[in-house]
Structure formats: C-alpha cells, structure tokens
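The structure appears below as structure tokens.
Numbered from 1 within each chain, the chains take letters A, B, ... in sequence-line order. Please read all numbers here as calculations on a predicted model, not as lab measurements.
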2 protein chains.
Amino acid sequence: MPKTSRKNGRQRQNAEIRKPEIVKSFYQTILERGFEGASIAKVAARINIHPSLILHYFGNKENLTLELVDYVIEEYDRLLRSVELEGLSPEARLERLLEIIWSREYYEKIHIAGSFSLLAVSFRRPRIQEKIEGLYNAFRRFLAKEIQKAADAGIIEQQDTVRTAARIITLIEGARHFRHLFVEKNECEQYNQDMKAATRMMMQMQ
Amino acid sequence: MPKTSRKNGRQRQNAEIRKPEIVKSFYQTILERGFEGASIAKVAARINIHPSLILHYFGNKENLTLELVDYVIEEYDRLLRSVELEGLSPEARLERLLEIIWSREYYEKIHIAGSFSLLAVSFRRPRIQEKIEGLYNAFRRFLAKEIQKAADAGIIEQQDTVRTAARIITLIEGARHFRHLFVEKNECEQYNQDMKAATRMMMQMQ
DNA sequence: ATTAACTCACTAACCATTCAATTAATTGTT
DNA sequence: AACAATTAATTGAATGGTTAGTGAGTTAAT
C-alpha cells in the first residue's frame, strides 16, 4: 500500500506546475479541435484532471485564454532571445540571422494552426489583438536593430530600418502560410533559399 | 390583409435563392463568432429562418462547411477573373497587375478573419485543405502566366516563373496578415507602395 | 393534387459555471 | 516524533443554456 493513497494514480501538484500544464493542454486542444472547439472538459480530459480544477485556477475561460496568449507570446519571445549573434563579425552576424530566420526549426517552433486560431480570435477580442501586436512590435524592433548594425558596418546601405523590418516580417509571415499549403517536402529547401535571397534583396532596397 | 399570410413576414424562397443565402450567413457568422462558434442556430437566426431549414437543405453541418469553402473559393476566383488586362501594352499590363494586387480594394475582398478561420480548420480537414490548395494553385498559375508575358516582351528577365509567382504570393499573404495588425491607416499607402516595389524587385531576381 | 419550403417539438450530448465536499500536504504545537 | 489545525489541491453533483440532428407535421406555390 502506497504512502499516499490516490484515486487516479497522479500526484497532487501545486499551482506553479499545474497552471502551465493546463495552459499547454489548452494550446494542444486548440491545435486538434480549433479554438471554439477546445472546451474546458476536453482540456481537462487531456491531462486527466477534473474540469473544475481549471475553473478553480483560472476562474473562467476568458482568463484561461488570456493566459494562453501570454504563453504563446513568451514562447516566441524566448525564441527571439535564443538567437545567438554576439561575437560574430558584422558579415557573419547578418548571415547567421538570415540562416536562423529561414531555418526549418524556426518556423516550426510556433505551430501555425495555433497561430491562425489565435489570430482569428484576435479579430473579435481587442485585448488579444493588443497582445499579438506587442509581439510583432518586439520582432520588428529586433530586426530593425540588426539591420541598423549591418548598415553601420557598411554591409548594406543605410535605410529606413523599421520599414525594411516590416517588409521582412511580411515575407516571414507569408511564408508560414504558404509553405504549409504549398511547398512539397522536396521543394522546401529550395523555397527557403528563395526566401533568404528575397530577404537579402529587401535589405538592399530603398 | 395580405394575399399570402405569413408568420414571420418573409417570403417563401426556392432552394436556388435560399441555399446561397444560408452559406453567406454562415460566412458572416464565422466572421463574428469564429468557426466553431458559428452554430446552425445562429446562422439561422441571422436570416430569420428555422434552424431545421438549414439541415433540410444541407443535411448536416459538414456539408454546409464544404459548400462554404466552395463559395469562398468561387469569390476569390471571380476576383481573379475580374482583373482586366487585355488590350494593354506589356508595360502597362504589368503595371496594372501590380496596381490591382496592392490595392486596398483587392485585399479587403476576401475578409482576413474568415480566411484565418478556414485555414485553421483546414489543418484538421484534408478535404478543405485540398480545396484551399486548389485556390492557391489557380492564383499561382495566373501570376506565372503574367510574369511569362512580361518576360517574353523583354520587360523583365526570363526566369522560373512558377518560383517567382510563389515568392509574390508569399508576400501577398504575409501582407494580409501583417497589414491588419500593424499598419496604421495613414501608413497604409506607404506600406502598399513598399510592397509593390518589393514585388517588382522579386520579378527581377533569379 | 403534388411538390417543395418551411416549422415544430423533441432528443441526447455537450457547454461553462456554481458551490459544497473531500482529500492530501504543510505548518505549528507539544 | 506525534498530533491537530490550517491551507491548498482536487473532486462531485447539479445548474441552465446550447449544440447538431431527427422526424413528423404544416403551409404555400404550381
């Protein structure tokens, strides 16, 4: 007989562990069934807890949704911060940035279906839209900073870095769309190279 | 007293009128409440009919969804066919194409939130994904044909037109995403001009 | 009289949310 | 080290509303 008698064989967790677990389950459920198809009951069943536990922690579904948006944004933020560019020459630094942005690993990180669901929701919920806008702004600032560095080093021409960053993000977001619908596995490397070349060209524009 | 006594003040329609009306109501309801949030009851209420009438015509919700996808695709197709380029010089023809693609009217035609919803759904439904792929393929062929015409006329270099078309569609789709989240109304014209310039540049690549 | 459009009443499953009960871990006291 | 008190995690049962779908009945047009 075990020291702790439990009903379902799972340990009792504290909020610090359980809350993120619920948020991640919500995300996974959205991937599988869509946003409005992700009910509290399904999110709970996925991690073998009682639906009431979710409401105990989050109060209602709206709060759970807002915490999910935060989670997705943090994941993306972590991804941006993990880009290691320090200590490289300006040329190598720019090259490395392009390599990362157009790598398979990068675009797979934030799953596209989940993004679509959240974007579709954001049209109806100003608070969510604001959060997503903040995410894109951070990305734009990050890119603009790198472009400025390359321009200062004379690798590319001086330009309106914010506008250039906006163009590049447009391409990146478009690629997330398009690649999944369109690009066969054997064409993927070719497509990524095309995108990289297009990005380079955009940096020379103005 | 009216000749036709009716309960709800609406005339009796035939299937030819009623079915598209239902599909359009479904689309509008998705815009407002998301895909899984668009129930048969809400779609019916929106046009003041009984929910059973929808099931009478479509049998079940899956069929209604498939007919919606067809409707969206037809709308997009109509949009492409409405592009009037005949009788123009090769230079003017290319210029006009760019103008249309990056016009406000064009990108507003197929509402983005509905597209997101459908794309998110397509990840979970192969039949819908196939239909959307068909739509993009038609667009790609259309663009490739125009690029070939311009190359034949010597306006742009000879190139792999299908790859170029893919790059341009990537940019267009990315712009649909990005513009809505990002571009303030006063920046919109500037952004569109940037996009047009980027498209032109992509046509010169190889 | 026939056909098609349309409504009504119903079902069983699912929805978010409520509040009270239970169970396990932690803390304080001896 | 033992025990009680407190706190937090978790479940259970019930709420009223919504869901897709069925099948039978009604109404209007031809």
Problem set entry | Within 6.0 Å of CZ in A:Arg124, more than 12 heavy atoms from elsewhere |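 Counting neighbours around CZ of A:Arg124, more than 12 heavy atoms of other residues, nucleotides or ligands fall under 6.0 Å, so yes.
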Closest to side chain of [X], choosing from [options]:
{"X": "A:Ser52", "options": "D:dT11, C:dA16, D:dG21", "result": "D:dT11"}
{"X": "B:Arg12", "options": "C:dT17, D:dT27, D:dA20", "result": "D:dT27"}
{"X": "B:Ser39", "options": "D:dG12, D:dA9, D:dT19", "result": "D:dT19"}
{"X": "A:Lys42", "options": "D:dA20, D:dA9, C:dC15", "result": "C:dC15"}
{"X": "B:Gln13", "options": "D:dT11, D:dA9, C:dC6", "result": "C:dC6"}
{"X": "A:Lys61", "options": "C:dC6, D:dT10, C:dA16", "result": "C:dA16"}

Problem set entry | Point-to-point distance, once rounded to the nearest 0.5 Å, from CG of B:Leu31 to CD1 of B:Ile112 |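 Here the rounded value is 11.5 Å.
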Taking atom [atom2] of [N] as reference, at what distance in whole Å does atom [atom1] of [X] sit?
{"X": "A:Ile47", "N": "D:dA9", "atom1": "CD1", "atom2": "P", "result": "14 Å"}
{"X": "A:Lys19", "N": "D:dA8", "atom1": "NZ", "atom2": "P", "result": "14 Å"}
{"X": "B:Ile49", "N": "C:dA4", "atom1": "CD1", "atom2": "P", "result": "19 Å"}
{"X": "A:Glu36", "N": "D:dT19", "atom1": "CD", "atom2": "P", "result": "12 Å"}
{"X": "B:Phe58", "N": "D:dT22", "atom1": "CZ", "atom2": "C1'", "result": "18 Å"}
{"X": "A:His50", "N": "C:dA21", "atom1": "NE2", "atom2": "P", "result": "16 Å"}
{"X": "A:Ile40", "N": "D:dT18", "atom1": "CD1", "atom2": "C1'", "result": "15 Å"}
{"X": "A:Leu53", "N": "C:dT23", "atom1": "CG", "atom2": "P", "result": "16 Å"}

Exercise. Relative to the ring of A:Phe139, is the ring of A:Tyr106 parallel (under 30°), tilted (30 to 60°) or perpendicular (over 60°)?
Worked result: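 The arrangement is tilted - the two ring planes meet at 30° to 60°.
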For this session: Describe, in one word, how the ring planes of A:Phe123 and B:His180 are oriented to each other, choosing from parallel (under 30°), tilted (30 to 60°) and perpendicular (over 60°).
Result: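 Parallel, since the angle between the ring planes stays under 30°.
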Exercise. Would B:Arg96 and B:Glu84 pass as an ion pair if we require N to O under 4.0 Å?
Worked result: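 Salt bridge flag = no for B:Glu84 with B:Arg96.
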Exercise. Ion pair present between A:Arg125 and A:Glu62, side-chain N to carboxylate O less than 4.0 angstrom?
Worked result: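 Yes, A:Arg125 and A:Glu62 are salt-bridged.
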For this session: Assign each of B:Glu16 and A:Leu55 to its nearest nucleotide of DNA chain C by heavy atoms, then name whichever residue's nucleotide is nearer the 5' end.
Result: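 Here B:Glu16 is the residue nearer the 5' end.
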Enumerate all atom pairs, one protein N or O and one N or O from nucleotides 10-13 of chain C, separated by less than 3.5 Å.
none

For this session: Determine, for A:Tyr76 and A:Lys109, whether the Lys NZ or Arg CZ falls below 6.0 Å from the six-membered ring centre while staying within 45 degrees of the axis.
Result: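 Not flagged: A:Lys109 not positioned over aromatic ring of A:Tyr76.
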Problem set entry | A:Tyr57 side-chain N/O to D:dA8 phosphate OP1/OP2 under 4.0 Å |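 No, A:Tyr57 has no side-chain N/O under 4.0 Å of OP1/OP2 on D:dA8.
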For this session: Report yes if a side-chain nitrogen or oxygen of A:Arg18 is closer than 4.0 Å to either non-bridging phosphate oxygen (OP1 or OP2) of D:dA8; otherwise report no.
Result: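 Result: no.
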